[in-house]
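Input: a single structure, listed below in structure tokens.
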Protein chains: 2
Amino acid sequence: MAKRSSRTTIHDIAGALGLNASTVSRALNDHPAVSRQTRELIQGKAREMDYQANHIAAALRKGRSDILGVIVPAVDRAFFASVIRGIEEEADREGFRVIVCQSYDSSERERTMVETLQRLQVDGILISSAKDGKNDLEFYRRIIASGQPIQFFDNVPQELDVPSVVINDQQGAYAATAHLIEQGYQRIAHLRGPQHQHIYRDRFRGYLDALRDAGRPTPPEYIVDIVSHFDSGKESFARLWSLHPRPDAIFSASDFSAAGGIKAAQSLGVRVPEDLAFIGFSNEPFTELITPSLSSVDQQTLTMGQRAARRAIDTIKQRNALDVSHERLVLSPKIILRASSLRNAK
Amino acid sequence: MAKRSSRTTIHDIAGALGLNASTVSRALNDHPAVSRQTRELIQGKAREMDYQANHIAAALRKGRSDILGVIVPAVDRAFFASVIRGIEEEADREGFRVIVCQSYDSSERERTMVETLQRLQVDGILISSAKDGKNDLEFYRRIIASGQPIQFFDNVPQELDVPSVVINDQQGAYAATAHLIEQGYQRIAHLRGPQHQHIYRDRFRGYLDALRDAGRPTPPEYIVDIVSHFDSGKESFARLWSLHPRPDAIFSASDFSAAGGIKAAQSLGVRVPEDLAFIGFSNEPFTELITPSLSSVDQQTLTMGQRAARRAIDTIKQRNALDVSHERLVLSPKIILRASSLRNAK
DNA sequence: ATTATTCTAACAATCGATTGCATAGATAGG
DNA sequence: CCTATCTATGCAATCGATTGTTAGAATAAT
């Protein structure tokens, strides 16, 4: 009588006590319609028999799985890893589990993942959209219309009115640029990310706005297009350094490119930040480890994950009630000042 | 007839076609006992009605969820983020989803997570054990005895004979130290990680073995205890630099401490790698971005994740068959040489 | 023409927990 | 002592898909 290979079920407990499974179920869920006596009896027996609820069965019956699905381009990018941590923390607090999928920035794969998650009956889906520019708005609209709780974060297809948590890239870029101005830098260049992505358009706009508000001109040759890579930063530095007059500060839309720029500058004996200041974007973990440490714009990744999860969960729980969270939540980025942009290091 | 709020089920399809749900189920699974005609009819209707299988229901019936549970200390550490990526890739290839949980390095939480995952009927569990030294071996043994597929990776409780995928820390440390010797460095110090963790014991041993095999003495004052942090590296450098004679190379069991050491050295005008070489451990993403770029030992994280997932899945599929994967798979780390330890940079 | 053999599809049980409804027993009120 | 009101359980249906068994029809063999 100990060799039972399969797990114990409520029926086993019921059988062992001469009760009905429904009573066992209620007892284990602290349903008030069960007397204290039998409840304790049942709970004791359950412990004794090492009962583990079958969540799948309950999920099928209840129509809720207590699982959130998360789709990100890649889990090993620092940004997403951190957001996922935030999501997991918040979900855990609310008794939800998190299934993580990668889209590898392919919209097609992203759609497949959404369907897979739906088949799994996840209660909600959190997405940072693929950045291949092939997002199918109709697809998203159908999901939303179907009532499936869905919450976007970070990268959200524009023209789409969906619940989302994003950061204000424009504001972050503005602050970064304003900081350089405030530090007394005169000729501020910009390493500009791919303009088909709105986050980079926003950063560019923040840069332009800050210069305009300070009454500074923006020589077009000070704007160099990059992709978010180390080497791209190196090349951009070379290009900028060949100009007359040379810039004395660079706001990069990417930390990686900023780091590349710094390295290229140093290899020519250019002193950072004395001759040339740098400030990046994203506050990648490495920014405080390089020399000089790189000023950057923190994207509140942990908070983003927490908020996104919280809103998804709220929506799930309020199903059919007034749903207040269809709005776009915009987080304020925080500029982190480090040596690379501080002329008068304190 | 379009307002149906709940999803379409096989019964809906069956109803629409005057067939039985079981036939629909078989048709959708390409069961041979369904004629081509009806199969196509059914599949067509399914598409038309936008049918999405309910994975939960199938899981309950089949007793398999096609879900893997993963428990790591923290998803936002580069090491784990990368391993998770590997796991996810491999799982995806095999039609499995991945649920990720964090233990925050608490063994107690880890146990809770294991139980939660079991309730969710995950088909297998992958664990990198919490490093608080409170691992309950009995708990693990019970799970293994229960037949629940479980696969460890990275940090595995010693004295426990379980399927696992690890890297050979000793070998990595040996190679790193041997490399310094080969580069002509004479007095090699070691920043030694907490010795209650076997991975750090192994690294220490690799260091000692390499020196011994080269016939070098190991002055005890060249061994400094650290925790894996930037500041710990700074302090350790200071300590080492006050010795007579000073070391001319440092093998650090942590990239972070190595980075801290480099920064501290540079601030005193010590040239790296000319006056003092550094090699770290883990090949953290930042290692190639700092100046000089930091040599390190790559832990094959992606491979580790892939292998761990593959073995878990193999075990799941071979249930009751000969299970070949109860062994410990030991991956060989790879030393990555960068500027910080190359005297004669090519 | 009749029996044997295949095919197809239907029937029904099942996975394990939940939950609306019914009921037996207990307690209270008159 | 009898009816009304609770209370604590039991009963049975249900969630949606899967699957062993069975029955009917079609085809082949005799």
Side-chain angles (χ1 to χ4, degrees), chain A residues 4-43 45-46 49-67 95 116 118-123 319, chain B residues 4-43 45-46 49-67 95 116 118-123 319:
Chain A
R4 151 93 59 34
S5 72
S6 55
R7 313 246 302 259
T8 59
T9 71
I10 52 173
H11 294 94
D12 298 329
I13 299 175
L17 293 172
L19 289 170
N20 189 283
S22 60
T23 306
V24 175
S25 171
R26 292 194 180 97
L28 294 174
N29 290 304
D30 288 320
H31 188 104
V34 179
S35 68
R36 201 162 68 86
Q37 241 183 8
T38 36
R39 181 179 348 118
E40 283 169 2
L41 179 68
I42 289 173
Q43 294 180 343
K45 197 72 182 177
M49 296 176 75
D50 192 30
Y51 170 74
Q52 295 270 81
N54 184 326
H55 195 91
I56 294 265
L60 174 60
R61 178 61 229 252
K62 293 198 284 196
R64 293 183 294 103
S65 61
D66 294 337
I67 296 180
T116 303
Q118 287 187 313
R119 275 194 275 275
L120 272 164
Q121 313 291 116
V122 298
D123 293 340
R319 266 291 195 45
Chain B
R4 151 95 56 39
S5 71
S6 55
R7 313 246 301 259
T8 61
T9 72
I10 53 174
H11 294 93
D12 298 330
I13 299 177
L17 293 172
L19 288 170
N20 189 283
S22 61
T23 306
V24 175
S25 171
R26 292 198 174 94
L28 294 174
N29 289 303
D30 287 320
H31 188 104
V34 178
S35 67
R36 202 161 67 85
Q37 242 184 9
T38 38
R39 184 184 341 124
E40 284 169 2
L41 178 69
I42 289 171
Q43 293 180 344
K45 196 72 182 177
M49 297 177 74
D50 192 31
Y51 171 72
Q52 296 269 80
N54 184 325
H55 195 91
I56 293 268
L60 175 59
R61 178 60 228 249
K62 294 200 285 197
R64 294 184 293 104
S65 61
D66 293 337
I67 296 179
T116 304
Q118 288 188 314
R119 274 193 276 273
L120 273 164
Q121 312 292 114
V122 298
D123 293 339
R319 267 293 194 48

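Numbered from 1 within each chain, the chains take letters A, B, ... in sequence-line order. For clarity, every value in this text was computed on a predicted model and none was experimentally measured. Scope of the values below: all heavy atoms of this structure, side chains included, with no hydrogens, waters or symmetry mates.
Residue B/L19 is classed as a sugar-phosphate contact, given heavy-atom separations below 4.0 Å to backbone atoms only. Base contact: A/H11 has a heavy atom under 4.0 Å from a base atom.
Between the B/Q43 side chain and the B/A27 main chain, a donor and an acceptor come within less than 3.5 Å of each other. Proximity of a side-chain donor or acceptor of A/N20 to a complementary backbone N or O of A/S22 within less than 3.5 Å is detected.
In the set C/dA9, D/dT18, C/dT19, C/dA9 carries the atom at the smallest distance from any side-chain atom of B/T23. For B/N20, counting side-chain heavy atoms from C-beta on, the closest listed nucleotide (D/dT18, C/dA12, C/dT18) is C/dA12.
Of all heavy-atom pairs spanning B/L60 and A/L60, the tightest one is CD2-CD2, 3.5 Å. Counting all heavy atoms, side chain and backbone alike, B/A16 lies closest to B/M49 at CB-SD, 4.2 Å. When all heavy atoms are compared, the tightest approach of B/Y51 to B/I10 is OH-CG2, 3.5 Å.
Between B/I56 atom CD1 and C/dA17 atom P the separation is 14 Å, expressed in whole Å. The interatomic distance linking B/Q121 (CD) with C/dA17 (P) rounds to 9 Å, in whole Å. As rounded to whole Å, 21 Å separates atom P of C/dT14 from atom CZ of B/R64. In this structure, the CG atom of A/N54 is 18 Å from the P atom of D/dC15, given to the nearest Å. Taking atom CZ on B/R119 and atom C1' on C/dG16, their separation rounds to 15 Å, with Å as the unit. For the pair B/L60 CG and C/dA17 C1', the computed distance is 9 Å after rounding to whole Å. Between the CZ atom of B/R61 and the P atom of C/dA17 there is a distance of 16 Å, rounded to whole Å. Residue B/I10 contributes atom CD1, which lies 13 Å from atom C1' of C/dA10 at whole-angstrom precision.
When side chains are defined from C-beta on, B/I42 counts as touching B/L28, because their heavy atoms get closer than 4.5 Å.
With hydrogens and angles ignored, a donor-acceptor pair closer than 3.5 Å exists between the side chain of B/S22 and the base of C/dC11.
Residues from residues 25-42 of chain A with heavy atoms under 4.0 angstrom of DNA chain C, sorted by number: A/S25, A/R26, A/N29.
Looking at residues two or more places apart in sequence or on another chain, you find no side chain to side chain donor-acceptor pair (under 3.5 Å) involving B/N54.
In this structure, the helix from C/dA1-D/dT30 to C/dG30-D/dC1 shows an angle of 50° between the axis at its start and the axis at its end, each fitted on 5 base pairs and rounded to 10°.
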- Message: If you apply the rule side chain to side chain contact (heavy atoms under 4.5 Å, CB included), what do you find for A/L41 with A/L17, and how did you get there?
- Response: CA-CA 9 Å; A/L41 179 68; A/L17 293 172; 4.0 Å; yes
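A distance of 10.0 Å separates NZ in B/K62 from CG in B/D123, rounded to the nearest 0.5 Å.
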